[in-house]
There are 2 protein chains.
Amino acid sequence: MLRLSKLTDYAIVVLARLGQANAAGRVTAVPELALASGLAEPTVAKVLKILAQAGLVEGLRGARGGYRLSRTLECIPLSDVITAFEGPIALTACVDGAAGGCESEGCCPVRGRWDPVNRAIRDALAGVTVAQLANTPPARQCAAAVLNF
Amino acid sequence: MLRLSKLTDYAIVVLARLGQANAAGRVTAVPELALASGLAEPTVAKVLKILAQAGLVEGLRGARGGYRLSRTLECIPLSDVITAFEGPIALTACVDGAAGGCESEGCCPVRGRWDPVNRAIRDALAGVTVAQLANTPPARQCAAAVLNF
DNA sequence: GGAAACAGGACGCCAAAAGTCCTATTTGAG
DNA sequence: CTCAAATAGGACTTTTGGCGTCCTGTTTCC
């Protein structure tokens, strides 16, 4: 439905919470984040693992461990979060170089013409930071194109 | 996955074919469209029914009936097609006035802040016409904002 | 009157998402 | 040195929604 998956949605919320806590220099663990976000612990854990694999957060193992932001929320564009959970941002499967996937590739009247559209969506999502989505008070701004908020 | 549904994808292809045929003043029926599109007849029929309900095409019943475009492809923005098949364009369920859907509504740190993002996506999709996606030779242009193609 | 074609809905299958859980590994504290 | 806390990684089950198909009714031309 042109909707983000729930995990992606959760990720934004979790990142927002992490931003609040980490701004105070603290490291936050899963139980605390789950409580603050109103989500189930296993779900939050799953979200954080994916965020860690994408390099958006840093996991600190061992007792007194937890998670920490790799960059400030101002430096995390929405497109990065979405890509981590949903893969490359493209409205159709037949993106640029993807050949062979479509059976009617030869006669498709829209072949190759989705690329500008996908680029527009990507640009729009790259122009919004997680900080703008969270209620984060304006901290130091990143060098990023900013959407007309 | 931030992907269009297959039906939406088919719809663009079918509209493109309809544009070619209708430019010659003809009315096209389901079997012919299915053949030209390389899709199964029941699928094409389903697509056309939805397009007709959305007012994008006009169904002519009875023998020698078929489908005809309600407007030229230049006047059909991509957003109209997507809305017909996927509902309102919004990345999250908690859009503007939608209250009560989210259980953690009260404490959500991103509450209400998705709206500008959704608007940006909508604008981007409204700026592309089906004619631009199809290989349609440039006909008379509609009064529509056009994406940087 | 009959055939061709759309209108509208209902049904079943399947794939992907979503949520949960288990085990291994790491690390700090006592 | 041992234990507990916490992440890493994967596997598994349930559920949801897309997708394709089909059936019945209605309309219209020949």
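Residue numbers start from 1 in every chain, and the chains themselves are labelled A, B, ... in the order their sequence lines are given, proteins ahead of strands. Predicted model, so just to flag it, every value in this text is computed and none were measured.
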Find the distance [X]:[atom1] to [N]:[atom2] and express it as a whole number of Å.
X: A/R3; N: D/dG17; atom1: CZ; atom2: P; result: 11 Å
X: A/Y67; N: D/dT7; atom1: OH; atom2: C1'; result: 5 Å
X: A/L48; N: D/dA6; atom1: CG; atom2: C1'; result: 12 Å
X: B/D9; N: D/dG18; atom1: CG; atom2: P; result: 15 Å
X: A/K6; N: C/dT20; atom1: NZ; atom2: P; result: 11 Å
X: B/I50; N: D/dG18; atom1: CD1; atom2: C1'; result: 11 Å
X: A/L39; N: C/dT20; atom1: CG; atom2: P; result: 10 Å
X: B/L7; N: D/dT21; atom1: CG; atom2: P; result: 11 Å

Inset, instruction - Only one of A/V30, A/L60, A/V14 passes side-chain contact (heavy atoms from CB on, under 4.5 Å) with A/Y67; say which it is. - result: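 Only one of A/V30, A/L60, A/V14 forms a side-chain contact (heavy atoms from CB on, under 4.5 Å) with A/Y67, namely A/V30.
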
Within the structure, does a side-chain N or O atom of [X] lie under 4.0 Å from either OP1 or OP2 of [N]?
X: A/T43; N: C/dT20; value: yes
X: B/S5; N: D/dC19; value: yes
X: B/Y10; N: D/dG18; value: no

Inset, instruction - Answer yes or no: side-chain N or O of A/R61 and base N or O of C/dT27 forming a donor-acceptor pair under 3.5 Å. - result: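 In this structure, the two groups form no donor-acceptor pair.
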
Legend entry - Quiz item: A/K46 side-chain donor-acceptor pair to C/dG19 base, under 3.5 Å: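 Yes.
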
Inset, instruction - Could you check whether A/A45 gets within reach of a base, just the sugar-phosphate, or nothing at all, counting any heavy atom under 4.0 Å? - result: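 Touches nothing.
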
Inset, instruction - Determine the contact category for B/K49: base if any of its heavy atoms lies under 4.0 Å from a base atom, sugar-phosphate if only primed atoms, P, OP1 or OP2 are that close, otherwise nothing. - result: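 Counting heavy atoms under 4.0 Å across all strands, the contact made by B/K49 includes a base.
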
Legend entry - Value rounded to 0.5 Å, distance of CZ in B/R122 from CG in B/L78: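 It comes to 14.0 Å.
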
Inset, instruction - Measure the CD1-CZ distance between A/I50 and A/F85 for me, rounded to the nearest 0.5 Å. - result: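 Separation between the atoms: 4.5 Å.
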
Legend entry - Note, B/N22 side chain near B/V57 side chain (heavy atom, < 4.5 Å):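 Of all side-chain heavy-atom pairs linking B/V57 with B/N22, none is under 4.5 Å.
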
Inset, instruction - Please tell me which of B/E41 and A/Q53 maps to the more 5' nucleotide of DNA chain D, matching each residue to the nucleotide holding its nearest heavy atom. - result: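 Mapping each residue to its closest nucleotide by heavy atoms, the 5'-most match is A/Q53.
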
Inset, instruction - Assign each of B/R64 and A/P42 to its nearest nucleotide of DNA chain C by heavy atoms, then name whichever residue's nucleotide is nearer the 5' end. - result: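 Its nearest nucleotide being more 5', the pick is B/R64.
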
Legend entry - Atom CZ of A/R64 with >12 non-hydrogen neighbours under 6.0 angstrom: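 No, not enclosed.
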
Legend entry - Options C/dT20, C/dA5, C/dG19, nucleotide nearest the side-chain atoms of A/A40: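 Among C/dT20, C/dA5, C/dG19, the one nearest the side chain of A/A40 is C/dT20.
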
